[in-house]
Peer 1: 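One structure is given below, represented as structure tokens, and several questions about it will come after.
Ligands are counted one by one from 1 in listed order, and the atoms in each one are counted from 1 as well. Small disclaimer: the values here were computed from a predicted structure and weren't measured.
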Amino acid sequence: MDNENTRNETRRPMGILVTNDDGPHAPGLVALALALQTVGDVHVIAPNRNWSASGHVKTMHEPLRAHAYTLDSNVPALQISGGPADAVALGLMGLIDAPIDLVVTGINRGANVGHDITYSGTVTAAIEGAISGVPALAVSLDTYDEHADYAVAAQIAADLARKILEKRLPSKTLLSVNVPALPKAQIRGIRITRMGTRIYRDALVRNTDPRGQPYFWIGGQPPTGIAEPGTDFWALANGFISVTPIQLDFTAYGFMDTLRDWETER
Ligand code: MN
């Protein structure tokens, strides 16, 4: 018992870097930061605007600015002029003067399922953590409701953060979590899932601006998906929290031998 106490006294708190892609004042960000304060020391670095669907960004051709601000509930934070992955990169490279053991992103307004993860600033910020060798967790809530309740998603984020810190993740692997926008009592449980298939219904809107110049806008309907059993989309459609392990190796191993048969190797 004495040993246990000594260990706890000398062990430093876990450092958790939190960012999002919905911007510095998004309610999902503060909900996530507050929940994670029960797990470790939380350092928030938010992008300065809504960077949703920005993909994996690295700002290299202009300066990045950072300034302090305060989230609701008096959570101290930084906001930067770059995107979500920039926030993680800056934090891990020294903008945060403390060791970072875990990167957690979100809570995003809107699910990130199937190939959404390649568009998502939320997931790509977590990918930045994984690339840098830090375990990472991306959290998204399956609603676009501006008044959504992030409490359930925040709780599951804290639970999974504890689990990751205790059990670790494999190298170059992150978790993407999607939470149904349902009251807690109606959520049926948690399922480990694979990436499903999103069906994008984008449509090009062409119009003319007030100066007479044409412009284009990617419009259309919100995406749907195929609720194939075992997928992230299926879990959400059936009232389960979806937890998908994501690996950074995109190689299509099954195609390599066929490609060799093309005799392109020299
Ligand atoms: Mn977003």
Peer 1: Quick one: the OD1 of Asn108, the Mn ion (ligand 1), OD1 of Asp21 angle, rounded to 10°, please.
Peer 2: 80°
Peer 1: Rounded to the nearest 0.5 Å, what's the gap from CZ on Arg168 to OG1 on Thr173? Could you check?
Peer 2: 12.5 Å
Peer 1: Just say parallel, tilted or perpendicular for the rings of Phe240 and Trp234, cut-offs at 30° and 60°.
Peer 2: parallel
Peer 1: Among the N/O/S atoms of Asp22, which is closest to the Mn ion (ligand 1)? Give the atom name.
Peer 2: OD1
Peer 1: Is the backbone of Gly15 close enough, under 3.5 Å, to the side chain of Asp41 for a donor and an acceptor to pair up by distance?
Peer 2: no
Peer 1: Answer yes or no for Ser140: is there an N/O/S atom below the 2.8 Å cut-off from the Mn ion (ligand 1)?
Peer 2: no
Peer 1: Under 4.5 Å between side-chain heavy atoms, hopping through other hydrophobics if needed: is there a path connecting Val123 to Val177?
Peer 2: no
